[in-house]
Amino acid sequence: MGDPDNPLSTARPRATPTSIPPLSRPGSSTPSSSFPSLKQSSVSRKKPEGLSITRSIRPAPSPPTDGSPALTGKKGSIGWVSETDRLRQDIERLQLSSKSSSSLDSPESSSPTAPTTPTHLAQSDSSSSSRSKKSSSSKAKRTKDKNGDDLVKDEDLDIMQDLGAGNGGTVTKVWNKKRKCIMARKLILVDAKPSVRKQILRELQIMNDCSSPYIVGYYGCFPVDVHVGIVMEYMDATSLDHIYRNTGPVPIDMVGKVAEAVLRGLMYLYDVHRIIHRDIKPSNILANTAGDIKICDFGVSGELINSIANTFVGTSTYMSPERIQGAPYTIKSDVWSLGISLIELAHGRFPFSDSADEALDFDPDPTLSASTQRPTLSNKPGNPRGGARAMSILDLLQHIVNEPAPKLGTSRRDFPSEAVEFVRGCLDKDPSIRQSPQELLKSKWIVDSQVTKDQLKAWTRQVAPSDD
Ligand SMILES: Nc1ncnc2c1ncn2[C@@H]1O[C@H](COP(=O)(O)OP(=O)(O)OP(=O)(O)O)[C@@H](O)[C@H]1O
């Protein structure tokens, strides 16, 4: 699937074409036995974490006290602690090279918690030629801290509170004693085989190079035992999934602003870095009380997590039908994921359901919406992510491929026709007909939006969690 010279081209092995055969057409039934590795998986609406296959993350091994490399249980492999040491060295080298490089001319972040212009986190697309072009130009404008400060180190950070945990990573709100500001630190366990290490480092390079008001800022990375710490801009209104689960469906006008910000972020990544995000979903869209909406998590963490859990099989219910069927990723696949995310925000509920009756419809009851959980895939019966009303991942993937796309609005709930039309444009099942980010940004819903920055700010202040 990928370019062997470009590890990023195979970034994030979600449901790979080889692991998921083309699904059956309507009317035919694909036996579950066609997908033995997924047979035990279930999708649950119990825990609102999105449809991510849960992996068994093994506990971090204690580093050897005599300085010798620890051995993994894997036959013929070098101890992963020593590999991690090499990763540390590589990261340190990367930091040094970043320190000595020139600053980017980038817009000031309006975030009150981000006093310096951040660099950014991104993931590659599969275009190796554009990638290599980009990486050579990237070297020329490698970022360093705008204030000339050292890149962030773990010892600069005091832990304030947990912000959340995803697949293998935990995010913590931290106080940077040196810079006297709040940041977010993501800590990820690393199983660093050489090939993975190379991939991680390339991705970290890309993070350094990105700079956009629609991309969550990146401040640096460092090794922490067998973890990699990634320090980023703290978004004090949190992620959009937290927002709607805590406060109910997002007002449709604000959903429009979310759509615009995500599209601008995607276009920045694609136009400037030839990157496709690949993981657009509400938990990767963050807001702050300055009224900014930004995207994060471009696969860096995904690669790190994959390196920990060798058993990885990954997919997402935000994945487009063509991706499920093994077609190459394009920016239109991100557009599909955006469409699904927008419905989820506007309805306060993940659009796909395990019930045929509910499948493409939604309960407009805001109390239900606020508490409705997104399906989560579990690869183990009894997994905490599993639970009541579990449905098969195969059913869900087949549903995405074979059934009509979900729509914004139901018989019981109306939205402005421009918004409905916009989402329809995101969710055409044929990617050649599906709208591009450029086309969507010219749509009436976006162009005619009356929402001002002050209104956006007021809304984010209203939905931001109160300070403890
Ligand atoms: N920069 C940030 N500022 C504030 N909160 C953040 C930031 N980054 C992440 N978070 C919070 O931490 C949570 C966990 O993030 P993480 O990226 O580990 O997982 P996720 O995106 O929820 O799930 P997955 O691992 O499946 O992608 C997010 O849902 C978000 O609420």
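Residue numbers run from 1 in the order of the sequence given. In each ligand, atom 1 is the first atom listed, and ligand 1 is the first ligand listed.
- Between Gly166 and ligand 1, at least one pair of N/O atoms sits closer than 3.5 Å.
- Evaluated by nearest non-hydrogen atom to atom 21 (O) of ligand 1, the leading choice among Gly164, Ser283, Ala237, Ala165 is Ser283.
- Two residues are said to be in side-chain contact when any heavy atoms from C-beta on lie closer than 4.5 Å; Lys453 and Asp292 meet this criterion.
- Of the possible polar contacts, none joining the Lys294 side chain to the Leu286 backbone as a donor-acceptor pair under 3.5 Å is found.
- A donor-acceptor contact shorter than 3.5 Å is absent between the side chain of Tyr268 and the backbone of Tyr214.
- Distances from atom 8 (N) of ligand 1 to the heavy atoms of Lys281, Met232, Lys294, Glu233 put Met232 nearest.
- Asp241 and Ser239 share a side-chain donor-acceptor pair at under 3.5 Å.
- Close approach of ligand 1 to Ser239 (heavy-atom distance below 4.0 Å) involves ligand atoms 28 (C), 29 (O), 30 (C), 31 (O).
- Looking only at distances, a side-chain donor or acceptor of His277 sits under 3.5 Å from a matching main-chain atom of Asp279.
- Panel note: side chain Arg274, backbone Tyr270; a donor-acceptor pair is recorded below 3.5 Å.
- Checked by atom type, the side-chain pair Tyr244/Glu344 shows a donor-acceptor distance below 3.5 Å.
- Set against the non-hydrogen atoms of Asn284, the atoms of ligand 1 under 4.0 Å away are 21 (O).
- Each of the atoms 1 (N), 2 (C), 7 (C), 8 (N) of ligand 1 lies under 4.0 Å from some heavy atom of Leu286.
- Close N/O approach between Tyr234 and ligand 1 is not found [any backbone or side-chain N/O within under 3.5 Å].
- Atoms of ligand 1 lying under 4.0 Å from any heavy atom of Ala184, numbered from 1 in the order shown and given with element: 1 (N), 2 (C), 3 (N).
- Heavy-atom proximity to atom 4 (C) of ligand 1, evaluated over His242, Lys186, Met235, Arg185, is greatest for Met235.
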